[in-house]
Every structure is written in C-alpha cells, then in structure tokens.
Colleague: 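One structure follows; several queries about it will come next.
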Amino acid sequence: MEEAGAPHFPFPYQPYPIQEQFMQALYGALEHGKVGIFESPTGTGKSLSLICGALSWLRDHEEKRRQEADRLLQGDGGTSLSISSPLSTTTSSTRPSSSAEPDWITDFVQKKAERDFVSKLKVDEELRRKKREEHLEMIRNNSQLKYALKRKSCEDDEAVKLLQLSKDPKEEELNNPEEELIVAEYESDDESKTKNKFCGGDDEDDLVEEHVTKIYYCSRTHSQLAQFVHEVQKSPFSQDISLVPLGSRQNMCVNEEVRRLGSVQRINDRCMEMQKNKHDQLLKEVEGGKRKRGASKAVCPYVGAQGLQTLRDTVLGAVRDIEQLLSLARETRSCPYYATRLAIPPAQLVVLPYQTVLHEGTRRASGVQLKGQVLIIDEAHNLSDVLSCIHSSELTGAQLCRAHSQLAQYSERYRSRLKAKNLMYIKQILFVLEGLVRVLGGKVGQNPHSQTTQPATELLTINNFLFKAQIDNINLFKVQRYFEKSMISRKLCGFIEKYAGTGVTSHTQTQSANKENRRTEGLNRYLQTLQSSQQPDTESPPGQQGAAEDRELAASPMMQVEGFFMALTNANTDGRVVLHTQGSVAVSSMKFLLLNPAVHFSQVLKDCRAVIIAGGTMQPVSDFKQELLFSAGVGPERIIEFSCGHVIPPENILPIVLCSGPSGQELEFTFQNRDTPHMMEETGRVLSNLCNVVPGGVVCFFPSYDYSRRILENWEASGVLARLSSKKKIFQEPKKANQVEKVLNEFSRTIQRCAVDGGTLSGALLFSVVGGKMSEGINFSDDLGRCIVMVGMPYPNIKSPELKEKMAYLDKNLPHSGGRSPGQALIENLCMKAVNQSIGRAIRHREDYACIVLCDRRYSRPATLAKLPDWIRAHTHTHTSFGPAFASLRRVIHTHYVSRAQAL
C-alpha cells in the first residue's frame, strides 16, 4: 500500500490534472477529519472525483485498521493500550492489603489480565470483520444462501410486548373493531429511559448490525442520486463496494395498492397501519390464537423477515440504483424500503436524500448513525436554505379549523373510554388550536372560508406569538412529548378514514352501532359543509385540484399541527413566526421561520469524522463559513476550501460585463429605472444583436417573474418580439413544473432542425427566470446554450418580512467585515449565488463553448466580480461600450463556427 501522502486513485480513464488535485485534497480532508468546501464545475467529472477520492481513502483506512488488528493479535504492543480491565479491577479490589505477594507479581498478574482482555476484544472484532467480509463475498459470488433466523426481529418483539402492556383486559370482552383508534393509556409525562428488555442475546446475527466505517452521500433529488449511483457503477470500485440507496416510502414502495394513494402522508400512514396489523397478528400467535373475533386486517405481503433478509443481502452484493432495486423487489416480493434500512449497518456507501440525513428525527427513524462517519453533501450551493426549509413549518387557517373539529369529534366519541391523562392533553391541544385560529382572526366551529380577515403580515418572536395566541400558560414541550408518545395524530387519521364518508351507517347495522354513528353526524356535516364551500382553483379544472387538496386537508391536518409544535419547541431565540392574513381565515397562514440553520447542522458536524460540502458552483463561500460553520462552533483550522478550474480551454468561454447598449444607454437595472421604456427598449436591442450572430440556442434570464412579464409585454407592443422571432423561435419558461420537459424537448428539436434545414431561423430563444424552473439542474450544453444573457442583478425582495428579520438577526449575531454588515452581505451573496447557478448552465463538457453576457454595469464592481466562480472570473472582460463587446463576441462565435464546419 502506498503512503498516505501519496495515495493511489483508481480511475476509469486518465484523470484530468484538476481531478487529481481534487482527489488529493479530498483524501487529505477525510484523513485529517476536516470540513471541506469543494467547488468543481459541472463537466469536470466531479462525481467520479468524489467517488474515487473518497473510496480510495476508505480502502486505505480499512487496510490500516487490518494492519493494526494484525499487530495487536500477534502481541506486538498489546500492552501499550490504556484500558481498565474489569478483571484487574476485580482482582485488586478483592485482594487483601496485607498480601504476601511481592509488588512485581501483583503487577504481572494485573498486566496479564489487561493483555488477555485486550486480546479477546481484538480477536472478537477481527472474527466479526472476517465473517462480515466472507458473508459479502459469498453474496457477490451469487451463492444460494439460506438463513434461519435465530430470534425474532427486535422491533417485532418490542412492539408485541408494548401492545400487550397497553391492553385493558376488560376491553378484550368488548369485541370492538375500533380498538385500534383508541389512544393507549398515557401514564407519565416523563420520557422513559429504560433500555429495551425485549431484545437481547449475543447472537451471531448481531455482527451484521454493527455499523462499519462508511460514507454517507446525499443530494437534493432522487434523479441526482440515481446519476451518482450510475457513476459508481462505472467506477473501478463497482465490484468491491457495498452500496445502499435510501429513499422515501413514496419512492420505494412496491405495493401497488398503497402506491395508488398518491400523497406522501397517505402512503406513510397506510404503511404504518399495515405494520401495526402485522404486529397484532404476531401478538395473536404469541397468545396461542386466543383473540377476539373480527375481520382480519390488511398486512403488507412484501414485509416478511425472510424476504427482507434476502433482499438486504442482495442489495449489499451489487451496486444498484432505486429503479433497479424496485424491479428486483417486485420479482422477489420483498419491501425495498425496509430492506435497505436493514442494510445500512454493513454498507460502506449509503446514498440518500437531504431530508433523511439533515433532519435529526428522520435520521434517527431511518437508522442512520453519523458518529465517526464521513458525510458528503453534494449540490450544496443552497445548503443554508435547505436546512431552514427542512426545519420550518407552515399551517393554514383551514388546516387548524379542521384539526380542531376532528379532534373535538374524536374526544366526544371516545370520551368514556379515554383515560383522564389522555383527556387532559386532548383538551390542551384543543385549547391551543383555538388560540392559533384566534391569532388569524377567526373562531373555531365556524366555516373558515366565510370568516373574512384584513390583509396583513406580522412577524413575532416565539414568546410574543404564544402571548398573542394566549397559550403561553401551556407547556408545549409536554404537549409535543404527548404527540410523540400517544401517536394521537395517527389515531386521528384512522378515525377520519373511517368516518369522513358521506354515508357512515347501514340499515343492517345494530342499534348500538347506529347510536355510535349518530355521534359522528356533526363531523360529517362539518366536512361536507367545508367541502362544498371550498373556493375553486381558477387554474385547474373544477372538481380536480380543489377536491384533491380538500381530501389531503381532511386526511391529516393534525400531522402538520404536530410538525408546527415540534418547530416551536426546537428553537426559541433562533426562530420567528410569520402571521399572514389574507381575505379569509381559511387561506391565512402562520409559518415558523428558522433564522439560524447552524443550530441543527452543529450536531452533524460534531458527530461526523469529516464533512464535505460540494457543488459545481459554491461561490460565494463566505456565508457557508459564517452561517453554517463558525456559528456551529467549527474553528477555522478545521475548514479547508478547494476550487478547481474548468477542463475547457480558455478560448471556449467568453464572459462579458456589458455596461451600455447599442444606442449608448447605460445598463443599470435598479428598481428605480428598470421599468423605464428606454431601459426596456435598449435591452431588446442588445438581445436582437446577439440573436443575429449567435447560432443555435440563446437563453435569456430575467431577475423575476414579474419583470419578465412586464418587459415581454413592452417588447410585444414595441415590435421587439417580432424582430426576435424572425431570427429565433421564441420559448418561455412554463408556469407549471410538469411542462418543463415538454418545452425543453421542443426547444432542443427546433435548434436541431434549424441546424439541418438552414433557412431564416438560426435556432431558438428561451426566456427564463433566475431561481426558476430552468436555472438549476437543466443542462444547456452545446447548441442548446451558445449564449447565456443575464438581464440585471436578481437581488431578493428586501421588503420581505422574513428577509428583513434574517438580516437583522445576522447583523446582531455575526461579526461585521469588509465594511459591509452581515445582512448586506447576505443580500449580495443570495444574488450572486443565483447568478452563478444560472450562468453555469452553459458549459457542460471539455469541447463545449459559450458566451455569457452580464447586462448591468454593477457586475463590474470588484467586490461583485470576486463572487463569480474562479473559472469564469479569470476570463471576464468589462466593456463600457457595446461595439467592442459585440466585436469580441462575433470573433469567438466565428472562430468556433468555422473550425466546427471544417471538422465536419
């Protein structure tokens, strides 16, 4: 094995020098436990560099551990370990003080006990490691392994015991099919600290549950995760690495009956219900089949211990993405959602979405353990926003009113069967909901759509919000704990599923059943009234979107309420509540806003051995360091930064800062002058000139949807659009996300057709918006994006209450630097991050070329230029007049166009 200073990086081809540098820097960051900010432009092989660099370190790390284990097993230096052996403690404590044995004998016995103890530990560890490796090797060799489980699943055993303890013997005689809807007795306000007594034994099967050293890789979307897995499959490590892809139930479920439910919440609820039914069946078996009669409840046929074990081993045996895993799961009729979670401990590389790893509750529920492990966060340019969004929560007046009505009906129906502690907490939740509705200017028990409110926006601290709602006397921490322990939200979901229909009774039912059903008539009347008064969505066909939203609202509003409570109790000084009233109580809302994402990121940074924050464009990085790292307690000495150039030759990119247009009009799109006719017309002239000489595709980004609409209306009236359409076919970013692919396909076909047919059209022009649907994750490579035009600077709306509060918070809590306050720096960084994401859409590979035109003289400021990525900033030219800028652009286009024609 090579020395740590010069690691060997297997690669599928000869890597670029910048890829070698990237892997060297990554290896060093992992070896020394650093927090690294890595920037590598798209098209430079970032994914392969991450894979080969990180897995090379993991390979060498494991080899060092083996060598150390061998050294200890051979007795070399075994006594050098400082360990307090239970054996030595016992021996010394029981030996009389007046022992006749000399001290050297006492020392020898004690040291020998320590050596024996250490050797036993190391032998056991080595045996477990070897058995785990042999196990994985057999799987990879497609051996037909059969497993006889020596004990029941820990989860199943614990669930059975808890279910037994929660049952009232008297209720067994009631033969009541609604037993599952009753909240179990809530004994104490204190969380139980007792360990699990129902799982035990030093079973050999435990060895596969030990978490080996691993790398967690997370990204924003499932498609990005799938792309990463495909890169692993192409890498030299594909045959040796055990990789597990994780996803949500919505993405991983193979039970078509459950998948058809559509929404995330419904799928989660049905899955959990089926697992509970399975536990009930298990309980029935434990009790020898002596259970009350009744219809058998649905269980998932894909969740069986044997099938999950086999699928888990298959997952570990070969690298597969989620789609390949789903196909395999359907064939074997096993659940990939649970099988992949079982596979986490022995896996070396776990691929998972942001939410699963960055949210502590989800992380814990998924079995993800970060202690001592490596975490790679890819596509991390908006990491601060992602963390804030994950830990924020929003409630509408309609959700609050409906949650209050549902819980009140539930309490009324089961009052005689609920214990006093349950009734007390349910009463407290109802009181809090009433206060929250009152804050929005409404009253519970009335249709929220018919209650009007004055449009207003108010931002409050958490304490002031609680005072305003008049719920400051309620201990929300205890209420939140009750939500978690009692699972009242899930019980309420089952209650609504059962009684939210239009006809809940049948003539053939018994008189007692009819009596019970009459007690829910108020709920049904309320639900029907609310559905009939739902305001129709003007952009969707009647009865479709509105009905779907209404069903979702009816299904689980208490889940959202619980999430809001959790947000309120997680942060105090770092959180605010925004009250937004508009028109009616139903559409008014309250939103928890997290101002300091470092609060939740600090534990990740503390637990992990190393954290790598990577992206194609990470500039400006100052906010990463201040907001997420320094604020989380990370010292400057632990942070490293790496930024590599692009693989393209310098002549393949021409970034231009354009300070004025063809007629000499200065280009400065400030809020005061961007709407003037002169500015809009000059922008049209700039674009017309560019479209006259640029072949293929031109993508024009506007700073906002509102400005895009206004300037296009102006161009249509003045004839600019007509002139543009004579050279390029015009496309606009669609309003709906599901239309993006269709527009892009037509945009691409038009450009290809024009390149072949010739004629008057030279390609296509696409109008898009910074931060919109086409500014991230879309590749305008080759002819799709020969020129990217940025109109103005996309500063965020500084009048936003949320942004104002964020700026004030940063100004108060972060140090000032460079003559700019942290709040001002935030505004500039948000603007330039958005710009960098948009202009980075063009150059996608080594042979690509494109021009980038930044239309605003403010881009020429040194502080602003410094926030561009290095590979763009190094080649950027500022032109105070249009003529020279246009001449340089024509020259670059002509050079590449002629050379390409000669090559063809």
Side-chain angles (χ1 to χ4, degrees), residues 178-186 265-266 269 272-273 393 395-440 442-448 451 469-471 473-476 478-501 504 516-531 550-569 585-586 590:
E178 296 185 16
E179 183 60 37
E180 64 189 43
L181 301 180
I182 307 297
V183 180
E185 184 173 356
Y186 192 68
Q265 195 61 61
R266 286 172 178 268
D269 290 346
M272 294 299 290
E273 179 191 344
S393 180
L395 286 173
T396 65
Q399 287 175 317
L400 288 167
C401 288
R402 195 162 287 198
H404 184 279
S405 175
Q406 291 176 359
L407 186 59
Q409 294 289 339
Y410 176 88
S411 174
E412 178 63 27
R413 180 176 181 84
Y414 300 119
R415 178 175 297 277
S416 62
R417 302 177 61 195
L418 291 169
K419 303 294 182 181
K421 191 74 94 170
N422 279 318
L423 288 172
M424 182 194 76
Y425 275 108
I426 288 174
K427 189 175 180 181
Q428 285 189 9
I429 295 171
L430 289 170
F431 179 78
V432 171
L433 290 172
E434 190 174 343
L436 298 183
V437 174
R438 188 167 52 245
V439 163
L440 294 178
K443 292 182 179 179
V444 296
Q446 299 179 16
N447 191 327
Q451 299 183 67
Q470 298 174 25
I471 56 173
N473 59 328
I474 300 292
N475 188 331
L476 289 183
K478 286 190 174 183
V479 173
Q480 174 58 30
R481 193 179 304 148
Y482 176 75
F483 266 118
E484 292 176 3
K485 297 296 180 182
S486 69
M487 297 187 292
I488 181 68
S489 297
R490 295 196 182 280
K491 302 286 185 182
L492 202 55
C493 281
F495 174 68
I496 299 306
E497 287 271 331
K498 191 174 183 68
Y499 291 112
V504 294
E516 285 191 332
N517 280 315
R518 280 199 297 275
R519 295 168 72 177
T520 64
E521 286 177 2
L523 170 64
N524 288 301
R525 281 199 303 272
Y526 175 75
L527 291 174
Q528 291 166 30
T529 304
L530 203 51
Q531 288 168 357
D550 194 72
R551 284 195 303 273
E552 182 67 19
L553 190 62
S556 55
M558 193 59 78
M559 292 286 184
Q560 278 69 39
V561 172
E562 184 177 349
F564 190 76
F565 276 32
M566 186 179 294
L568 286 179
T569 53
V585 171
M590 57 184 62

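Side chains included, hydrogens not; waters and symmetry mates left out as well; all remaining heavy atoms used.
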Colleague: State the CG-CD distance between L492 and Q406, to the nearest 0.5 angstrom.
Modeller: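 CD of Q406 is found 5.0 Å from CG of L492.
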Colleague: Taking ring-ring contact (aromatic ring centres under 6.0 Å, His included) as the test, write out the residues that go with F565, two or more places apart.
Modeller: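 Once residues adjacent in sequence are excluded, the partners of F565 under the ring-ring contact (aromatic ring centres under 6.0 Å, His included) criterion are F483.
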Colleague: Using 0.5 Å steps for rounding, measure from the NZ atom of K485 to the NZ atom of K478.
Modeller: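 Spacing of NZ (K485) from NZ (K478) equals 14.5 Å.
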Colleague: To the nearest 0.5 Å, what is the distance between CG on L418 and CG on L423?
Modeller: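 Result: 5.0 Å between the selected atoms.
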Colleague: Quick one: pull up CG in L400 and CE in M558 and give me the separation to the nearest 0.5 Å.
Modeller: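 So the gap between those two atoms works out to 9.5 Å.
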Colleague: Show the nearest heavy-atom pair for residues V585 and G442, with the distance to one decimal.
Modeller: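 Of all heavy-atom pairs spanning V585 and G442, the closest is CG2-CA, 3.6 Å.
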Colleague: Against I471, only a single residue in L433, V479, V432 fulfils side chain to side chain contact (heavy atoms under 4.5 Å, CB included); can you say which?
Modeller: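 One option only clears the test, and that one is V432.
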Colleague: By side chain to side chain contact (heavy atoms under 4.5 Å, CB included), which residues pair with V444, not counting sequence neighbours?
Modeller: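 By the side chain to side chain contact (heavy atoms under 4.5 Å, CB included) rule, V444 matches H404, E434, V437.
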Colleague: With no hydrogens and no angle check, do the side chains of E562 and S489 hold a donor and an acceptor under 3.5 Å apart?
Modeller: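 The answer is yes; a qualifying pair exists.
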Colleague: Which atom pair, heavy atoms only, marks the closest approach of S393 to Q560?
Modeller: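 So the minimum-distance heavy-atom pair works out to OG-O, 4.1 Å.
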Colleague: Using 0.5 Å steps for rounding, measure from the CD atom of E484 to the CZ atom of R481.
Modeller: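 If I round to the nearest 0.5 Å, the distance is 8.5 Å.
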Colleague: Residues two or more places apart in sequence or in another chain: which of them pass side-chain hydrogen bond (donor to acceptor under 3.5 Å, both in side chains) with S411?
Modeller: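 Residues passing side-chain hydrogen bond (donor to acceptor under 3.5 Å, both in side chains) with S411: none at all.
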Colleague: To the nearest 0.5 Å, what is the distance between CD1 (I488) and CD1 (I426)?
Modeller: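 These two atoms lie 4.5 Å from each other.
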Colleague: Looking at every heavy atom in both L430 and A408, which two are closest together, and how far apart are they?
Modeller: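 Scanning both residues completely, I find the closest heavy atoms to be CD2-N, 3.8 Å.
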Colleague: What's the shortest heavy-atom distance between L395 and Q399, and which atoms?
Modeller: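 Shortest heavy-atom contact: CA-OE1, 3.5 Å.
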Colleague: With a 4.5 Å limit on heavy-atom distance, are the side chains of K421 and Y425 in contact?
Modeller: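 Yes, at least one pair of side-chain atoms sits under 4.5 Å.
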Colleague: The criterion is side chain to side chain contact (heavy atoms under 4.5 Å, CB included); which residues satisfy it with K427, sequence neighbours excluded?
Modeller: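 K427 satisfies side chain to side chain contact (heavy atoms under 4.5 Å, CB included) with no other residue.
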Colleague: Please enumerate all residues that pass side-chain hydrogen bond (donor to acceptor under 3.5 Å, both in side chains) together with Q428, with sequence neighbours excluded.
Modeller: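 Checked Q428 against side-chain hydrogen bond (donor to acceptor under 3.5 Å, both in side chains); zero matches.
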